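Remember, it's a predicted structure, so these values are computed and weren't measured experimentally.
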Amino acid sequence: MDPVQNPLFREPVGTIFRTKREQLGLSIDEAAKSLKFGPHLIDAIEHEQWEKLGAPVFAKSYINSYIKLLGLSEAIRDEIPNLHRNPALKAITATKIEPA
């Protein structure tokens with residue numbers, strides 16, 4: 001490949017989703033209806049607003065479903081920040097519990 005044609009930066013993940021959806025001739029509403037979830041989730045993925053997808057377990061599910069619908073490579077998940085991060089554990093009590 002010609003080094004001049006080799007891009008310096010990868011295309012944003014959200015843009016990859018949007019471009020593929022448009023190539024398939026799907027509107028946001030049509031994609032959402034096919035996946036049986038709200039159009040706001042498609043919009044959040046395409047605009048990389050990952051926090052709007054909810055808890056990581058839900059975000060993974062929405063993203064995996066959208067990847068399958070569009071026929072994208074599953075490797076795209078690796079480009080999504082914090083998707084595989086486990087949530088931090090939080091104390092449910094202010095009292096320190098000592099072992100017996």
Side-chain angles (χ1 to χ4, degrees):
M1 175 182 265
D2 181 2
V4 174
Q5 297 296 321
N6 191 11
L8 290 173
F9 302 102
R10 295 185 54 90
E11 186 173 19
V13 177
T15 303
I16 294 170
F17 281 101
R18 182 180 48 81
T19 301
K20 184 64 175 179
R21 176 182 53 77
E22 290 173 348
Q23 287 174 350
L24 294 172
L26 293 171
S27 69
I28 289 177
D29 289 332
E30 291 169 333
K33 186 175 181 181
S34 294
L35 295 170
K36 296 184 172 96
F37 51 73
H40 67 283
L41 297 172
I42 300 290
D43 190 62
I45 293 169
E46 293 183 358
H47 287 96
E48 299 183 32
Q49 297 170 330
W50 313 117
E51 69 282 355
K52 290 187 176 183
L53 298 178
V57 67
F58 297 119
K60 288 177 188 178
S61 176
Y62 298 141
I63 291 167
N64 287 336
S65 295
Y66 200 28
I67 287 170
K68 288 177 186 173
L69 175 71
L70 300 178
L72 292 170
S73 167
E74 292 184 8
I76 196 168
R77 282 188 301 241
D78 297 334
E79 297 180 37
I80 299 171
N82 301 324
L83 186 61
H84 302 291
R85 185 186 71 178
N86 291 326
L89 298 176
K90 295 181 182 178
I92 58 172
T93 180
T95 307
K96 186 174 181 179
I97 300 173
E98 296 293 330

#### Entry: Atom of Gly54, atom of Ala59 and distance for their closest heavy-atom approach
O-CB, 4.5 Å
#### Entry: Pairwise distance CG(Leu70) to CD(Glu22) - rounded to 0.5 angstrom
11.0 Å
### Query
Going from NZ on Lys20 to CG on Leu26, what distance comes out if it is rounded to the nearest 0.5 angstrom?
10.5 Å
### Non-neighbouring partners of Ser34 that pass side-chain contact (heavy atoms from CB on, under 4.5 Å), sequence neighbours left out
Leu69
### Query
What residue pairs, at least two apart or across chains, pass salt bridge (Lys or Arg N to Asp or Glu O under 4.0 Å) with a residue in residues 30-41?
none
### Query
Once you round to the nearest 0.5 Å, how far does CG of Leu53 lie from NE2 of His40?
8.5 Å
### Query
How would you list all residue pairs meeting salt bridge (Lys or Arg N to Asp or Glu O under 4.0 Å) that involve residues 40-57, not counting sequence neighbours?
Arg21-Glu46
### Summary
Nearest heavy-atom contact between Ile76 and Leu72 is CD1-CD1, 4.3 Å
## Note on the structure
Residue set satisfying side-chain contact (heavy atoms from CB on, under 4.5 Å) with Ala55, at least two apart, ordered chain then number -> Val57, Phe58
### Set of residues satisfying side-chain hydrogen bond (donor to acceptor under 3.5 Å, both in side chains) with respect to Glu74, sequence neighbours excluded
Arg77
### Qualifying ring-ring contact (aromatic ring centres under 6.0 Å, His included) pairs, either residue in residues 11-37, two or more places apart
Phe17-Tyr66, Phe37-Tyr62
### Query
Does some side-chain heavy atom of Leu41 sit less than 4.5 Å from a side-chain heavy atom of Leu35?
no
